[in-house]
Student: 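There's a structure below that I have some questions on.
When reading the values below, keep in mind they use all heavy atoms of this one structure, side chains included, and skip hydrogens, waters and symmetry mates.
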Amino acid sequence: YLFYLFTCLLVYLFTCLLVYLFTCLLVYLFTCLLVYLFTCLLVYLFTCLLVYLFTCLLVYLFTCLLVYLFTCLLVYLFTCLLVYLFTCLLVYLFTCLLVYLFTCLLVYLFTCLLVYLFTCLLVYLFTCLLVYLFTCLLVYLFTCLLVYLFTCLLVYLFTCLLVYLFTCLLVYLFTCLLVYLFTCLLVYLFTCLLVYLFFYLFTCLLVYLFYLFTCLLVYL
């Protein structure tokens, strides 16, 4: 009979040990799962940040390239126009000089011709100047419009980014709060269950021992 009691006690202790080990395994696996999920979230956020910074760098470099090419084109066109006008003026003056030296007898006609040509040249230069100023004004207004639109776009994108990040932060904090509360609830319930089982088993063991002790006394 004592051997039977000792065997029951060993079985009970072995069962408690198995329950304790299984509980520790569950807690360890749940902790590993939480660590893995948090690591994945950090990696995802860091990847999104890198992609956003690389995109901004590409947009900035492309904008600088366009501005540089447009400036070079304007400088090249303006230089070509100046060279063309200066060359035409030199050719015209040299031709006038040759005509003047060669046709000294036609001074009056040549003078009238020079006045007429000079007037045409002034009208042409004034017209070119007006066209150039009007073109510069259009280019300036168009550039200001592009800068304004690009600034508005950047402000809009930055605002959207801030709203998105703030929303993600709220969702993350709310999720963490829910996970924390759920974990606390599970720990509390599991602790209560363990305490209840412990007191129940301890009471059963005391009753059983008291019963055995009574039986032993009666037997003796």
Side-chain angles (χ1 to χ4, degrees), residues 22-89 122-193:
F22 184 72
T23 305
C24 294
L25 179 63
L26 286 178
V27 170
Y28 174 74
L29 292 177
F30 185 73
T31 305
C32 292
L33 180 61
L34 287 179
V35 171
Y36 174 74
L37 292 177
F38 184 72
T39 306
C40 292
L41 180 62
L42 288 178
V43 171
Y44 173 75
L45 292 176
F46 184 72
T47 305
C48 293
L49 179 62
L50 287 179
V51 171
Y52 172 73
L53 292 176
F54 185 71
T55 306
C56 292
L57 180 62
L58 287 179
V59 170
Y60 174 73
L61 292 176
F62 184 72
T63 305
C64 293
L65 181 62
L66 287 178
V67 171
Y68 175 73
L69 292 176
F70 187 73
T71 306
C72 292
L73 181 61
L74 287 178
V75 171
Y76 175 74
L77 292 176
F78 184 71
T79 306
C80 292
L81 180 63
L82 288 178
V83 171
Y84 174 73
L85 292 176
F86 185 72
T87 304
C88 292
L89 183 62
L122 287 178
V123 171
Y124 174 73
L125 292 176
F126 185 72
T127 305
C128 292
L129 181 63
L130 288 178
V131 170
Y132 173 72
L133 291 177
F134 184 72
T135 304
C136 291
L137 180 62
L138 287 178
V139 171
Y140 175 73
L141 292 176
F142 184 71
T143 305
C144 292
L145 180 62
L146 286 178
V147 171
Y148 174 73
L149 292 177
F150 186 71
T151 305
C152 292
L153 180 62
L154 286 179
V155 171
Y156 174 74
L157 292 176
F158 184 72
T159 306
C160 292
L161 179 64
L162 287 179
V163 171
Y164 173 74
L165 292 177
F166 185 71
T167 306
C168 291
L169 180 62
L170 287 178
V171 171
Y172 173 72
L173 292 177
F174 184 72
T175 306
C176 291
L177 180 62
L178 287 178
V179 171
Y180 174 74
L181 292 176
F182 184 72
T183 306
C184 292
L185 180 61
L186 287 178
V187 171
Y188 174 74
L189 292 176
F190 190 72
T191 305
C192 292
L193 181 61

Student: Tell me, please, which residues at least two apart from L34 pass side-chain contact (heavy atoms from CB on, under 4.5 Å).
Tutor: F30, V179
Student: With a 4.5 Å cut-off on side-chain heavy atoms, are C72 and Y68 touching?
Tutor: yes
Student: Mind checking side-chain contact (heavy atoms from CB on, under 4.5 Å) for L77 and listing every partner two or more places apart, or none if nothing turns up?
Tutor: L73
